[in-house]
Amino acid sequence: IHLLELLRRSAIQGESNSVLIVGPRGAGKTMLLQCVLRDLLQEKEAQKNLLQVHLNGLLQTDDRIALKEITRQLNLENVVGDKVFVSVQTEYYEQILENKTAEKSPGDRSSSRPVLFVLDEFDLFAHHKNQTLLYNLFDVSQSAQTPVAVVGVTCRLDVLELLEKRVKSRFSHRQIHLLSSFGFSEYLQTVRTQLSLPDDFTDRGFAQDWNSSIQTLCEDKSVEEALQRHFNSSKDFRSLHMLLMLCLSRVSVSKPSIKPADLLDASRLCLCDAKANMLHGLSILELCLIIAMKHLNDVYEGEPFNLQMVHNEFKKFLQRKSNSMYNFEQPVVMKAFEHLQQLELIRPVDGSSAKTQREFQLMRLMLDHSQIMEALQKYPQCPTDVKQWAMSAFG
């Protein structure tokens, strides 16, 4: 079913609906929804009837905050009072919606104003306790109290697997999938379009020179290779806009055009590996633990590890050393291990028991081989034996 038709039926005929818009970041999910709403609100009846509530899973991190935001957007702070914040049961959701939407008889859908709920980062709402917000929104949409349309926007293809059975049963299972199907030639054309000045630009002479320089820039081999790397890593237009913004920031009166070197420098900044850079600030002990984890990954083919296994691997390295400059007590090693977890360079395996002793809790390394080796090359005054240990096949 066409999204516009679906929302029109909710806005004009008072029909309750729910739908998910699924696709990778930058595929145009939000733009699709904005265009549909713009077209819908051009109809007078829809403009007069429809109430909108926009929530974001990154901002409304629990149901209490989400409920406060719903009442704020519906201008109901003084209508419902504090009672609404005591509980988030279905009758309170219904009461919120009734107070705002009922015009004649609260139980009659035909005389109630429809409410559109847009849930950005829909998958994050599934992590709320008991999924109460989602349950109540879908449940109210099935009741006779008020017409409700729920539109979820997410980049997770497995989002339905996150829903509890009672929530899933109340969802319509309508999904709209958007895919980034354009190729590199379209991506390159987008770069030209974004950087070019329009024909009606005031200074036509400057516009012609500028557009000519952009055409030359995009034909440069090194620029094309840099853009190809960006295209391969992310087709998201937000990251492309960031790259182009960094290029434009170098333009000045004395340098009125973008040179290939500007784009290459901007590309290096954009593709800068934050995790690899973080390794440069680690202590020698922490770096040695990372190398030990890398060897365990090589030996056990990516299986999770614990502190005890890492410490044993580190001890093997120390046994080959005549001096003891790297000898550390167990509590010091544990502290370094915990610091790596705080930096999110390692993380606990999903479902690993919190009751397990810390030294036996299973972890995964969040770095790959190339990141570790690159960081070692740039690590200030890294001891030669540590580098050699890292490069050896299995430690």
Would you list the atom pairs, donor with acceptor, under 3.5 Å between side chains in residues 121-130 and any protein atom, with sequence neighbours excluded?
from, atom 1, to, atom 2, distance (Å)
Glu121, OE1, Arg25, NH2, 3.4
Glu121, OE2, Arg25, NH1, 3.1
Asp123, OD1, Thr154, OG1, 2.8
His128, ND1, Asp63, OD1, 2.8
His128, NE2, Gln60, O, 3.2
His128, NE2, Thr61, O, 3.2

Is there a donor in the side chain of His311 and an acceptor in the side chain of Gln330, or the other way round, less than 3.5 Å apart? yes
Quick check on Arg192: does its CZ atom have over 12 non-hydrogen neighbours (other residues, nucleotides or ligands) under 6.0 Å away? yes
Just to verify, what does Glu286 make a salt bridge (charged side-chain N to carboxylate O under 4.0 Å, His left out) with, not counting sequence neighbours? none
Single-linkage hydrophobic cluster Met391~Val386, side-chain heavy atoms < 4.5 angstrom: yes
Check this for me: does any side-chain nitrogen of one of Glu313 and Lys316 sit under 4.0 Å from a carboxylate oxygen of the other? yes
Does one side chain, of His230 or Ser239, offer a donor that lies under 3.5 Å from an acceptor on the other? no
Can you tell me if Arg364 uses its side chain to pair, donor with acceptor, with the backbone of Arg347 under 3.5 Å? no
Should we count NZ of Lys255 as having more than 12 external heavy atoms under 6.0 Å? yes
Asn232 and Gln228: side chain donor to acceptor below 3.5 Å: yes
The ring-ring contact (aromatic ring centres under 6.0 Å, His included) partners of Phe231 (sequence neighbours excluded) come to Phe184, Tyr187
Same apolar cluster: Leu287 and Val332, side chain cutoff 4.5 Å: yes
Check: Phe314 and Leu318 side chains under 4.5 Å, non-hydrogen atoms: yes
Are Val191 and Ile214 close enough, and set up right, to give a side chain to side chain contact (heavy atoms under 4.5 Å, CB included), and what steps lead you there? CA-CA 9 Å; Val191 173; Ile214 294 302; over 6 Å; no
Kindly check if the number of other-residue, nucleotide or ligand heavy atoms within 6.0 Å of CE (Met242) is above 12? no
Does Tyr300 OH have over 12 foreign heavy atoms under 6.0 Å away? no
Tell me, yes or no, whether the heavy-atom count around Gln42 atom CD, taken from other residues, nucleotides or ligands under 6.0 Å, exceeds 12. yes
Would you say that Glu224 contacts Leu227 through its side chain, given a criterion of any heavy-atom pair below 4.5 Å between the two side chains? no
So if you build clusters from Ile, Leu, Val, Met, Phe, Trp, Tyr with side-chain heavy-atom gaps below 4.5 Å, do Leu365 and Phe360 land together? no
For the residue pair Glu338 and Gln342, confirm or rule out a side-chain donor-acceptor distance under 3.5 Å. no
Looking at Gln73 and Gln52, what are the two nearest heavy atoms and their distance? OE1-O, 3.9 Å
Minimum heavy-atom distance Gln341-Pro348, with the two atoms named: NE2-CG, 3.5 Å
Nearest-0.5 Å distance, NE2 of residue His2 to CG of residue Leu7: 10.5 Å
Are Lys259 and Asp262 close enough for a salt bridge, meaning some N to O gap below 4.0 Å? no
